[in-house]
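First the structure, in the form of structure tokens, and then the observations on it.
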Amino acid sequence: MTSPEPPVLVIGECVADIVRTDGAPDRVHPGGSPANVAYGLARLGRPATLLTELGPDANGRLIRAHLESVGVVVRAAEAARTPSAVVRLDGLGRAEYTFDIGWTLPPTDPTDPYPTEPAVAPAAIHLGSIGAVAEPGAAAVLARVERWRGRAPVSYDPNVRPALMGERAEAVRRVERCVALSDVVKASDEDLAWLYPDERPEAVAERWLALGPAVVAVTLGAEGAFALTAEGGYVRAAAVPVPVADTVGAGDSFTAAFLDARAAGTGLPGCLTRAVTAAALTVSRPGANPPSAAELAAALARYDDHDDHDDAGAR
């Protein structure tokens, strides 16, 4: 009898996204970049465990039920309340966020592991967004990553939220520390524009590669995405043309599909194509609603000749 496949361990925040559009009632969607990645991995059939915090409130129950509905194992420390964000959508479906969030993930003692700590090495570790940089919880996140590093590949998505990042130079230092711990890094051109104003995304990706990752992938919205490798490889994928409902969760769907494909042994061009297609499916419907494995396979069959298209993409 074969042992079950170890899960990807995703570490970071859950957020209740209160989506607000002029002339329409508020809609509450389970969100938070790391939570979305865990959900996206599970939708693609990849076992995932989320190490997070949830409050003992309606939003916390909503998010837990959402994650567990697709098989994500939720290991949650108790927070005073579940973080939330008001998401305002413009006429093109682009999102702006106002946050009410804290991140206080407890530290662990290696001699007396916190009960949320996995008992065996995960298949991979993913960290990012607020949970990787907001103290006091960020220190506990990085301690966990450093403890497992070398036994599991690490991926990272800064998913920059300027209102929560503090002073830019310190934010860059924190982000670059996470980059240096990682094997795979995904960022958006908007992330890079805030962190490094007036620098080309390709130049930042090259500099990040020098810190240690094997791959840096950058999403470009309507321009698709590219990826660079430490060996000097360069791959580009165009965006898939779809009608846009909103862009909430598109970048997280990209990340989940990219990591799933990489774990399956897919080459870099295939990883990038699967990721931009997953992002396109997500922007075509409201909220952070990533595709299932079957939906992604069907979309890849439909859009297998989209290299010359230009439309909505991942952030």
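Numbers for residues simply follow the sequence, beginning at 1.
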Backbone N/O of Ala214 and side chain of Asp183: donor-acceptor pair under 3.5 Å: no
Inter-residue atom distance Leu50.CG - Asn36.CG, 0.5 Å rounding: 10.0 Å
Cation over ring face, Arg168 and Tyr196, 6.0 Å, 45°: no
N/O donor-acceptor pair under 3.5 Å between Arg151 side chain and Ala121 backbone: no
Any side-chain donor near an acceptor of the partner, Glu13 and Ser129, under 3.5 Å: yes
Heavy-atom donor-acceptor pair, Glu167 side chain to Ala169 backbone, under 3.5 Å: yes
Leu142 CG to Leu127 CG distance, which is reported to the nearest 0.5 Å: 7.0 Å
Taking every non-hydrogen atom, the tightest pair across Pro7 and Thr49: CG-OG1, 3.5 Å
Minimal non-hydrogen separation, Ala256 against Val37, with atom names: CB-O, 3.8 Å
Test log, rule side chain to side chain contact (heavy atoms under 4.5 Å, CB included), inputs Leu44 and Leu296: CA-CA 8 Å; Leu44 294 171; Leu296 181 56; 3.8 Å; yes
Verdict with reasoning, Lys186 to Asp157, per salt bridge (charged side-chain N to carboxylate O under 4.0 Å, His left out): CA-CA 5 Å; Lys186 174 265 173 185; Asp157 177 4; 3.4 Å; yes
Audit row: Glu176, Trp208, side chain to side chain contact (heavy atoms under 4.5 Å, CB included) steps and yes/no: CA-CA 8 Å; Glu176 289 183 349; Trp208 278 5; 4.2 Å; yes
Arg274 (side chain) donor-acceptor with Ala257 (main chain) under 3.5 angstrom: no
Salt bridge (charged side-chain N to carboxylate O under 4.0 Å, His left out) between Glu146 and Arg177, worked out: CA-CA 11 Å; Glu146 288 171 341; Arg177 181 183 178 191; 3.1 Å; yes
Separation of Arg262 CZ from Ser155 OG (nearest 0.5 Å): 9.5 Å
Nearest atoms (heavy-atom pairs only) where Phe99 meets Ile130: CE2-CD1, 4.1 Å
Value rounded to 0.5 Å, distance of CZ in Arg61 from CD1 in Ile63: 11.5 Å
Verify same cluster id: Leu62, Ile101 (apolar side-chain graph, 4.5 Å): no
Exam field: side chain Ser292 to backbone Glu295, donor-acceptor pair closer than 3.5 Å: yes
Qualifying residue, where the test is side-chain hydrogen bond (donor to acceptor under 3.5 Å, both in side chains) with Thr82 and the options are Asn59, Thr52, Asp57: Asp57
Nearest atoms (heavy-atom pairs only) where Val218 meets Pro201: CG1-CB, 4.2 Å
Shortest non-hydrogen contact between Pro56 and Ala80, atoms and distance: CD-O, 3.8 Å
Aromatic contact, His66 with Tyr39 (centres under 6.0 Å): yes
Asn289 backbone acceptor or donor facing Arg285 side chain under 3.5 Å: yes
Any donor-acceptor pair under 3.5 Å from Glu5 side chain to Pro47 backbone: no
Test: Arg207 and Glu202 ion pair at under 4.0 Å: no
Positive for side chain to side chain contact (heavy atoms under 4.5 Å, CB included) with Phe258, one of Thr219, Thr266, Leu268, Val276: Leu268
Test item: Arg149 side-chain N/O and Leu181 main-chain N/O as donor-acceptor pair under 3.5 Å: yes
hydrophobic_cluster_shared for Val86 and Leu164, side chain cutoff 4.5 Å: no
Ion pair Glu170/Arg173, N-O distance below 4.0 Å: yes
Test log, rule side chain to side chain contact (heavy atoms under 4.5 Å, CB included), inputs Val145 and Cys178: CA-CA 9 Å; Val145 173; Cys178 294; over 6 Å; no
Step-by-step side chain to side chain contact (heavy atoms under 4.5 Å, CB included) determination, Phe226 to Leu220: CA-CA 8 Å; Phe226 72 85; Leu220 305 168; 3.8 Å; yes
Side-chain donor or acceptor of Glu68 paired with backbone N/O of Gly71 under 3.5 Å: no
Approximate separation, where rounding is to 0.5 Å, of Ile11 CD1 and Arg144 CZ: 6.5 Å
All salt bridge (charged side-chain N to carboxylate O under 4.0 Å, His left out) counterparts of Asp17, not counting sequence neighbours: none
Joint cluster assignment, Val133 & Val172, ILVMFWY side-chain distance < 4.5 Å: yes
Exercise: identify the closest heavy-atom pair between Ala280 and Val240: CB-CB, 3.6 Å
Test item: Ser284 side-chain N/O and Leu281 main-chain N/O as donor-acceptor pair under 3.5 Å: yes
Exercise: do Ser253 and Thr282 side chains pair donor with acceptor under 3.5 Å: yes
Reported OG1-to-CG distance for the pair Thr255 and Leu41, which is rounded to 0.5 angstrom: 9.0 Å
Donor on one side chain, acceptor on other, Asp191 and Ser188, under 3.5 Å: yes
Connected via hydrophobic side-chain network under 4.5 Å: Val73 and Val70: no
Neighbour count >12 (heavy atoms, 6.0 Å) for atom CZ, Arg88: no
